[in-house]
Amino acid sequence: MLRRPRRNRQSAAIRAMVEETTLSVNDFIYPMFVMEGNNLTSEVKSMPGVYRYSIDKILEEMSVVQDLGIRSIALFPLLPEDKKDKIASESYRQGNVYLEAIHQIKSKFPSIAIMSDVAMDPYSSDGHDGYVDEKGNILNDESLEILAKMTVAQAEAGADIVGPSDMMDGRVRVLREALDSKGFINVSIMAYSAKYASAFYGPFRDALDSAPKFGDKKTYQMNPANVREALIEAELDYSEGADFLMVKPALAYLDVIKSLNDNFDIPIAAYNVSGEYAMVKAAAQNGWLDGTKTMVECLTSIKRAGAKVILTYFAKEYASLSK
Ligand code: PBG
């Protein structure tokens with residue numbers, strides 16, 4: 001045999017030398033949940049190790065996160081039912097818990113990049129990402145105005161990157177124009193471009209009490225069977241000015257990540273979502289999988305597929321490995 005591929009695997013030094021994909025904490029965005037109140041920390045049942053914090057507590061947690069070397073977070077709000085309405089008006093009310101959290105984190109941790117979430121669901125009495133009419137239709141263009149208002153409010157509070165996760169058509173352009181018109185030319189847009197109508201979001205909706213009150217999200221989120229359609233979404237977001245294109249979920253959509261990375265030259269992000277995290281945690285807790293090794297393998301696969309940026313609840317655990 002002239003070719004023996006095993007020669008390049010024969011020692012740890014050689015294996016490390018030929019390693020094609022390396023993860024860095026710089027690649028990660030750590031999603032975190034904030035809620036109203038004081039001195040509150042509550043674990044998300046279906047996501048062991050993930051908590052919802054009141055603002056004072058999230059500031060404490062931010063020190064830990066920063067000390068671990070994590071440089072970016074994505075923040076999501078949990079709101080009480082009585083703050084929700086059809087037009088998600090809480091989302092752009094000055095001083096709401098979310099804007100206040102962004103503002104305080106930015107003031108105390110100025111070098112952390114904060115990504116905000118742009119979608120109506122945490123604030124919507126219908127639990128949908130867009131505006132719902134009397135017949136139960138999710139109205140696209142009416143939603144854009146609301147999304148633009150919350151985006152500007154988030155930028156004013158100190159968000160570095162806004163993340164439209166709503167999947168309304170044309171939103172990237174509307175957000176870009178709204179940001180620019182207020183002078184926020186340097187606030188980036190990470191578009192959830194190929195966001196699928198996925199069962200893997202279950203634990204996240206538990207965390208935020210944000211499950212749709214009726215129906216599902218299939219008229220705006222993508223059909224898991226489609227990959228060519230992801231290119232249309234990506235093309236639109238790119239041409240409307242997105243700085244990053246995201247695929248979500250990650251692990252069941254590695255082909256979509258690769259397809260976007262092959263076709264676009266801006267950074268591709270992937271969201272390793274709540275259900276993907278929960279599966280690994282549940283199996284590890286049962287002793288069925290080695291949690292740490294499985295985590296590293298999952299994150300490596302996402303990067304190998306072509307994601308430069310990974311949003312993952314594992315960020316903290318991964319960062320602790322090298323400490
Ligand atoms: C909704 C949103 C969802 C997630 C992020 N933003 C869920 C949904 O579309 O219902 C899911 C993240 C996760 O599962 O970790 N705007």
Side-chain angles (χ1 to χ4, degrees), residues 28-34 44-52 73-79 84 88 90-91 98 115-132 138 140 143-144 146-147 150-151 154 159 161-168 171-172 175 189-224 233 244 246-253 269-282 295 298-299 302 307 309-316:
F28 298 145
I29 299 178
Y30 184 43
M32 299 178 76
F33 301 118
V34 68
V44 181
K45 239 192 172 161
S46 45
M47 301 175 74
V50 173
Y51 299 83
R52 292 163 291 211
I73 63 161
L75 200 61
F76 296 94
L78 162 67
L79 289 146
K84 302 184 184 183
E90 181 67 8
S91 67
Y98 188 62
M115 172 168 161
S116 63
D117 183 56
V118 178
M120 288 171 62
D121 53 326
Y123 319 90
S124 150
S125 45
D126 296 304
H128 277 283
D129 295 22
Y131 176 76
V132 184
I138 287 88
N140 194 88
S143 304
L144 297 179
I146 300 169
L147 297 170
M150 78 173 84
T151 298
Q154 292 166 358
I161 304 173
V162 297
S165 65
D166 54 284
M167 287 299 277
M168 296 299 118
R171 84 266 206 227
V172 173
L175 302 192
I189 299 179
M190 184 179 291
Y192 287 63
S193 302
K195 177 171 178 181
Y196 288 88
S198 170
F200 286 102
Y201 308 147
F204 175 96
R205 293 178 188 171
D206 293 345
L208 297 189
D209 288 334
S210 65
K213 299 281 165 33
F214 65 88
D216 52 43
K217 299 192 175 184
K218 289 182 185 168
T219 69
Y220 46 108
Q221 298 181 347
M222 283 179 53
N223 179 346
E233 287 286 359
F244 303 81
M246 191 207 291
V247 175
K248 175 181 177 188
L251 289 169
Y253 298 85
Y271 200 139
N272 178 216
V273 298
S274 58
E276 300 176 314
Y277 175 85
M279 285 197 302
V280 175
K281 284 286 162 192
M295 164 183 77
C298 287
L299 295 172
I302 296 167
V309 180
I310 306 174
L311 291 95
T312 181
Y313 303 96
F314 284 120
K316 224 182 128 183

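Computed from a prediction, not measured in an experiment: that's the story for all the values here. We count ligands from 1, going down the list as the structure has it; atoms in each ligand are counted the same way.
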> Heavy atoms, side chains only, cut-off 4.5 Å: are Tyr313 and Phe204 in contact?
Replying inline: yes
> Under a 4.0 Å heavy-atom limit, does Asp129 contact ligand 1 with its side chain, its backbone, both, or neither?
Replying inline: side chain
> How about Lys213: does its NZ atom have over 12 heavy atoms from other parts shown lying under 6.0 Å from it?
Replying inline: yes
>> Just to confirm my output: which protein heavy-atom neighbour is closest to atom 14 (O) of ligand 1, and how far is it?
In response: Ser274 OG, 2.7 Å
> So do the side chains of Arg171 and Tyr192 get within less than 4.5 Å of each other, counting heavy atoms only?
Replying inline: yes
> Quick one: which ligand 1 atoms are inside 4.0 Å of a heavy atom on Tyr313?
Replying inline: 12 (C), 13 (C), 15 (O)
> Roughly how far, to the nearest 0.5 Å, is CZ of Phe28 from CG of Leu299?
Replying inline: 4.5 Å
>> Please list, in number order, the atoms of ligand 1 under 4.0 Å from a heavy atom of Tyr271.
In response: 12 (C), 15 (O)
>> Is any side-chain heavy atom of Leu311 closer than 4.5 Å to one of Met115?
In response: yes
> Met167 versus Met222: any side-chain heavy-atom pair under 4.5 Å?
Replying inline: yes
> Gln221: heavy atom below 4.0 Å from ligand 1, yes or no?
Replying inline: yes
>> Suppose we measure from atom 1 (C) of ligand 1 to each protein heavy atom; which comes out shortest, and what is that distance?
In response: Asp121 OD2, 2.8 Å
> Can you list the ligand 1 atoms lying under 4.0 Å from a non-hydrogen atom of Ala119?
Replying inline: 16 (N)
> When you measure from atom 16 (N) of ligand 1 to every protein heavy atom, which one gives the shortest distance, and what is it?
Replying inline: Ser165 OG, 2.8 Å
>> For a 4.5 angstrom cut-off between non-hydrogen side-chain atoms, does Tyr271 reach Val247?
In response: no
> Which heavy atom of the protein is the closest neighbour of atom 2 (C) of ligand 1, given with residue, atom name and distance?
Replying inline: Lys195 NZ, 3.1 Å
>> How far is atom 4 (C) of ligand 1 from the closest protein heavy atom, and which atom is that?
In response: Lys248 NZ, 2.6 Å
> Between Pro77 and Tyr123, is any pair of side-chain heavy atoms under 4.5 Å apart?
Replying inline: yes
> Taking the minimum heavy-atom distance to atom 13 (C) of ligand 1, which of Tyr277, Tyr220, Phe204 ranks first?
Replying inline: Phe204
>> Among all protein heavy atoms in this structure, tell me which lies nearest to atom 8 (C) of ligand 1, with the distance rounded to 0.1 Å.
In response: Lys217 NZ, 3.3 Å
